[in-house]
Amino acid sequence: MHLNILQEEKLMIIERIALKNYRQFRNVTIDLASSDYNRNFFVIVGESGAGKTNLLNAMMWCLYDDEPHLSKDSEQLSILNLGVVEESSNKDIHEVCVEIYFRTPDGTRIVFSRSKKFRLRIEDSGKPPEINSMAASKLKLIKERPGRDPEILEEPMYNVSGDVERLIPKEIREYFFFDGERIDRYFRETKKVKEPIYRLSRLDLLDKVKNHLDKTMTEFLRETRLAPEIEETRNEIEKRKKDIQNLEKLYEKIKEERAKAETKEEEYRGKLKSVDFIKHLVDERERLEEEIKDIDKSLKELESDKIKYILEIARIAYPLKAVEKTLELIKEKKEKKEIPPTIDSTFLKKLIEEEECICGRDLLKGTDEQKNIEKILDEISIISEIHEELMYTEFELNRLKKDLDAFNKRHGHINQKIIEMESKRDKNSRRLKDISDKLNQYEIEDIAEMEKEFMKYKKIKEDLIGRERMTSINLIKNKNELESLNKRLDEELRKQKRYQQLMIIKSFCEKGLEICNKTKEEIMIDIKNDIEAKTKEQFLKLIWRKETYGDVNIDDDYDIHVFHKMGYDSLGSVSAGEREALALSFMGAVHIVSGFDAPIVMDTPLARISGTPRGYIAENLPHYLEGKQIIFLLTDQEYTSDVKDRLAKRVAKEYTLQLSVHEKEVRVI
Amino acid sequence: MMKKEPDRLYIDKKDRRLYDELKEKEDMFKGMKNKELFILAMIIGFDHGAKNELNTKDGYFLAKDLDENDWALFNAIAIWEHDTVNVLKETGDVYSVAEEYAHYGIKILHHWVVNTPYGSFPKEFESALLEKFGRVNQERGD
C-alpha cells in the first residue's frame, strides 16, 4: 500500500473515544477527527497516574473485554468510577461504557460499544460499598453507512467480536496499541504476526481451493469401482489423510495454547518488572534466558559440526585395514622399483614385433623366451596405466590417515567445548532457579504469587513447545507415508488401461494442489521479504548510529536479527532507544505490507529514551507511516518543547489529562 | 587422473526405499548427498565383511560426483577385495566391489537407525566409532 499524505485519506481513523464511568474517566469524550489530511497525529499528555495507560486499557476493554496494562493499584479497584460510587445510594445501578468510533475511507462509521452494569450495596455501618456486577459486559456494533439507517448488531445474536478480530486481531493487538514500556515483547513474539498476515493476505482462499481439489479427487476415487488391492490402498490413503487432518488440528491447537501461555508468561513478567525493588532480578532473569538461548544455539551448531567430523573420520576408520593394505602394496611396488615403471613398454613391444631380443637372441612366437617378454610387457602395461592412479591413491590415503591420527585430539577438543557450554548453561539455570526462589520468598506486593504464575505459564509453554515439536515430526512422518501410498496407488492404476481417465483426473488435481502450495509459499516469502526490507529501511532512518548497523534480517519464523556492519548479530547489544526504533520499524513495516487498516495508539513510546536519541526519533516520526492516524499518549517529561516542535507539523489536536482535586476523576482538556 | 567408466554408480532397485527412508527418518542424513550415504553404506558393509550382488540395478549418483578422496577409498576397498593393485585397471570391477558392499551395508545401516530411539542415532554412531577407534589403536599399537 503506498501512503501519500497529499492524497485524500485512504485509511480508517478513530473519530472519537467516549468513556462513561470507566475508572477515572467519568464522562469524557475525546475528539480525534481532523479535516486536515496532513495532520494525522493526536497527542494526549498526562503526568504519571493521570490516566494515560487506563485510556489504553479502556480501548482494550471495549474491544477485547480485558485490561492488559492495569497497574497494581488499579487492579485492586473496581472498573466503576469511584466518584460515582461516592455519590450513590444503596441499590443504585450504574453503567460503565466505553465507545470507540471508527470511520472507514468510504465514510461508514463503525462504533464498538461495550457496557457493563453494576448495582451498589451501601450499608449505614460505614463499611466500604459493595460494587456488584449485574451481568457480563455486552459488546455492541453500530454501523452507520452514508444515506442509510444505522444498523445495530449485538452479541450473542451477532458475532461482534469476530468483527473486532477482523479489524485488529487480538493476537497482534500490540502492533496497533504500542506499549513503550514493553518493547522486548516485540522481539519475543514477532512470529505471532505470521498467521494474521496470512489471513489478511487472503491466502486462506488458496487453502479453500486446495481442499476443494482434494475433495474432488477423493470423491472420484471413491465412486470408481476399483480392484480389491487398489481399493485397499485407496482406503489406506483416506485413513492417512484423516490422521493428517487430525494432527494438523492438534498442531494448531497446541500452537494456540502455546501463544496463550506465552502471553500470560509475558503478562506476569511485565507485572514483576513493574515492581521497582525486584526489577533488577527480573532483568537479570531475562538476560540469563537470552544467554541460555544463545548457548543452546551454539550447542546445536557444535553438535552438528561434531557429527560431520565423526562421519568424515568413519570413512577412514571403518575401511582402515583396506587402506593399510593398499599402502603396503604400493610401498612394495615402489621398493621393487615396479613403480614408477623403469622399462619402456614400447621398447618391449618392438622386441616382440621384430622377434629379436636386445641380446641378439631370437624371440620366436610361442617360445618360452617370447612368452616371458610378453608376461613382463603385460605387467608393465598394467602398471603404466594405473601408476598415476596409484600415486594419487597413496597421497590421499596418507592424508586421510593423518586426519585419523589427529582424531583423539580434535574429538577431545570439540567435546571439551561442548562440556564448557553445557557447564555455562547449567550455571545460568541454577542462577535462574535462585532468582525464582528469591522472588517466591517475598510476601509483599503479591510478588510470590506473581512469580508462581509466571513459572506456571513458563512450564506450560515449555511443555507445549515439546508437544509441538513431536506433533510436527508425526505430521511429517504421516505426510511421507501418504506420499508413498499415493505413489503405490499410481503404480497400481497405471498397470490397467481401464483406469486411464481416473489417472488423468487424479493427475490434474495433484498438479492443482502442487501449484496452490507453491503459490502460497511464494507469496508468504514475498511478504516476509517486503516486511524485512521496509523494517530495515525504516530502522536505518530512525537510528542515529548509522555507521554501526549494516543489516536487518527477518527469518522464516519472523524472528528479527540486527547485524553490525562487521557482520555479527547485535540484537542483544542494541541500546534501549535502538530497540525502540527497531520495534517501531517492524511494526510500521507490518502495517504497510500487510495492509492493516486500523490506526495506531502509542503509549509512552519515548519513555525509555532520552537526549539525542529521543530527539532523533521524534524528528523522524512525522515520516513514519505517513497518512496513518497515530494517537500518542505521552508523559509531560516525554513531550518536551523539543519533541513538541519536531512533531508540530503533523499534530492535529493536543489534549491534556488533568486529575481532579479529589483524584477521582480525570478531565480531558 | 585416468578417466573412469561407466558414468554412474548403482544401487539395487529395492534398496532405494531404504536410502530414502534413512534421509526422512534420521536428521543426521537429511540433506546428505546420495554419494555420501552410499559411501557410508559401503564402509559399513565392508566393516561387516559381507557383500551381495545387485539384482536389479538403479542408478544412484554420477561418477563425476566422486572426488579424489572418494576414489582413494573405492580403490583401497577394491584392492583389498582382489588382493592386487591391478584391479584398478578395470573401473567396472572397482565400482562393482563398492556397489556390492553398499548393497549389504545399507540394510545394516537402515536396521540400525530404525531400531534406535529417535534422536539417539548420532550418539550411538559416535560410540560405535569410538569403540572401533579404540580397537584400531590397539591393532596399530598406539
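Naming convention: chains lettered A, B, ... in sequence-line order (proteins, then strands); numbering from 1 in each chain. These values consider heavy atoms only, across backbone and side chains, with no hydrogens, waters or symmetry-generated copies.
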Run the side chain to side chain contact (heavy atoms under 4.5 Å, CB included) check on K325(A) and D83(B) step by step: do they pass?
CA-CA 9 Å; K325(A) 181 168 184 180; D83(B) 203 20; 2.3 Å; yes
Given that the side chain runs from C-beta out, which part of [X] has a heavy atom under 4.5 Å from chain A: side chain, backbone, both or neither?
| X | value |
| --- | --- |
| M32(B) | side chain |
| E21(B) | neither |
| L40(B) | side chain |

Does this structure show an ion pair linking K89(B) with E389(A), if we count only N-O contacts that are shorter than 4.0 Å?
no
Side-chain ion pair, K479(A) and E24(B), N-O less than 4.0 Å
no
Could you tell me which non-hydrogen atom of [X] sits nearest to which non-hydrogen atom of [Y], and how far apart they are?
| X | Y | result |
| --- | --- | --- |
| V85(B) | I383(A) | CG2-CD1, 4.5 Å |
| L129(B) | A317(A) | CD1-CB, 3.7 Å |
| P122(B) | I307(A) | CB-CD1, 3.3 Å |
| L73(B) | L397(A) | N-CD2, 4.5 Å |
| A322(A) | A76(B) | CB-O, 3.6 Å |

[X], [atom1]: over 12 other non-hydrogen atoms inside 6.0 angstrom:
| X | atom1 | answer |
| --- | --- | --- |
| E521(A) | CD | no |
| Y104(B) | OH | no |
| E232(A) | CD | no |
| K375(A) | NZ | no |
| R240(A) | CZ | yes |
| K461(A) | NZ | yes |
| R469(A) | CZ | no |
| E53(B) | CD | no |

Roughly how far, to the nearest 0.5 Å, is the [atom2] atom of [Y] from the [atom1] atom of [X]?
| X | Y | atom1 | atom2 | answer |
| --- | --- | --- | --- | --- |
| I310(A) | K123(B) | CD1 | NZ | 9.5 Å |
| W71(B) | T393(A) | CH2 | OG1 | 10.0 Å |
| E126(B) | L311(A) | CD | CG | 10.5 Å |
| I39(B) | Y318(A) | CD1 | OH | 15.0 Å |

Evaluate the side-chain proximity of [Y] to [X]: yes if any heavy-atom separation is below 4.5 Å, no if none is.
| X | Y | value |
| --- | --- | --- |
| V323(A) | W80(B) | no |
| R315(A) | N69(B) | yes |
| D47(B) | P319(A) | no |
| N75(B) | E396(A) | no |

From the list K306(A), K333(A), K308(A), the residue making the most non-hydrogen contacts under 4.5 Å with chain B is K306(A)
Find the one option among D27(B), D70(B), D20(B) whose heavy-atom pairs under 4.5 Å with chain A are most numerous.
D70(B)
Relative to chain B, which segment of E394(A) carries a heavy atom at a distance below 4.5 Å: side chain, backbone, both, or neither?
neither
Go through the atoms of I476(A) and report whether side chain, backbone, both or neither lie under 4.5 Å from a heavy atom of chain B.
neither
Criterion side chain to side chain contact (heavy atoms under 4.5 Å, CB included) on F46(B) and K321(A), from CA distance to verdict
CA-CA 10 Å; F46(B) 179 81; K321(A) 59 187 180 188; 3.8 Å; yes
